[in-house]
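The structure appears below as structure tokens.
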Amino acid sequence: LRFELTTLGTGAALPARGRYPTAQLLNVGEELYLIDCGEGTQERLRQAGVNFNRIRRIFISHMHGDHYLGLMGLLSSMHLQGRTRELHLHGPQDLNEVVRLQLRVSETYLRFPLHFEAVRAESGVLLWRDDRVSVHALALRHRLTCAGVLVREHEQLRPLRKDKLFIVPPYRRAGVKAGDDLVLDDGTVVPNSELTEDPPKPRSYAYCSDTAYAPELVPFLEGVDLLYHESTFTEALAARAKETMHSTARQAATIARDARVGTLVLGHFSSRYKSADQMLREALEVFEATVLSDEGATFTVGQRFPGR
Ligand SMILES: [Zn+2]
């Protein structure tokens, strides 16, 4: 089943140096989530060959422009293209006001239902759940209220072993897949372990949008397969990071190491840096499985990306 992250924008604050502001596309079994929507996101989606109408949910972390100024343009294009499928928008309460105001003053009546759900920026709060994944909020430390997201697959049922299928009557299969032992007519108990295989391990993705170093996130990020963490500055500008409530690459890597994540993806690079190589170097000193989020790059959740 597909579980992929595509980084559509990797820059901070200003669109510069070929980097777009933050936006990510998460493909969860062909359900598309857009996470943040900086200016230019619709162009980036077009370049990535994504049909906007396939986007079901949009999560906006906070109200700084580099994380949401592309939203009105995207909603407007969806409307003009005749979208009728409902869209769910999750974000700060203020976002709803901004969107409704813009629609009202332009006398735009969207052709599709737009459902808004206010996000409480508290780690562990459930934002969305379907039969495949659950999405929880992560409370980040930023100048504005800011919430990351943690997307986790559910435990799957235990697949039946093909060679044992014949002894499990059809009406008992659901129970066995759920982990029950099988009691035969003569009272013999066949342990579940002889009938089923281990299901694939549930995978998880965490998005830490703008944040100062926040070690209190570690328990929530424990064992996450893929962690995106902002990395706005190098260590030389640690004071600037603190002042603006952003992280250095080393701080991002420290969170990744302490939470024992699979792979760390760095992004949200300050426009003062021509290349993010120094940030990668600094992160690698702390956490080996670190990669940079190139514009348009796709990462499969659960696949290990080695450090360079
Ligand atoms: Zn911000």
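We use all heavy atoms of the structure for the numbers below, so side chains are in, but hydrogens, waters and symmetry mates are not. One-based numbering, in listed order, for ligands and for the atoms of each. Note that the numbering runs from 1 along the sequence shown for the chain.
Note on Lys201 versus Asp225: salt bridge recorded, some NZ/NE/NH1/NH2 to OD/OE distance being below 4.0 Å. For Arg132 and Asp130, the salt-bridge test fails: no basic side-chain N is under 4.0 Å from an acidic carboxylate O.
Qualifying salt bridge (charged side-chain N to carboxylate O under 4.0 Å, His left out) partners for Arg260, counting only residues two or more places apart in sequence or in other chains: Glu222.
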Using a 3.5 Å cut-off and no angle test, enumerate the donor-acceptor pairs between side-chain atoms of residues 70-80 and protein atoms at least two apart in sequence or in another chain.
| unit_1 | atom_1 | unit_2 | atom_2 | d |
| --- | --- | --- | --- | --- |
| Ser77 | OG | Gln42 | OE1 | 2.6 |
| Ser77 | OG | Gln42 | NE2 | 3.4 |
| Ser77 | OG | Gly73 | O | 3.1 |
| His79 | ND1 | Arg111 | N | 3.2 |

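Within the structure, side-chain hydrogen bond (donor to acceptor under 3.5 Å, both in side chains) contacts touching residues 170-182 (residues at least two apart or in different chains) do not occur.
Taking the six-membered ring where the residue is Trp, the centroids of His142 and His246 are separated by under 6.0 Å.
Within the sub-2.8 Å shell of the Zn ion (ligand 1), the protein contributes these N/O/S atoms: His62 NE2, His64 ND1, His142 NE2, Asp210 OD2.
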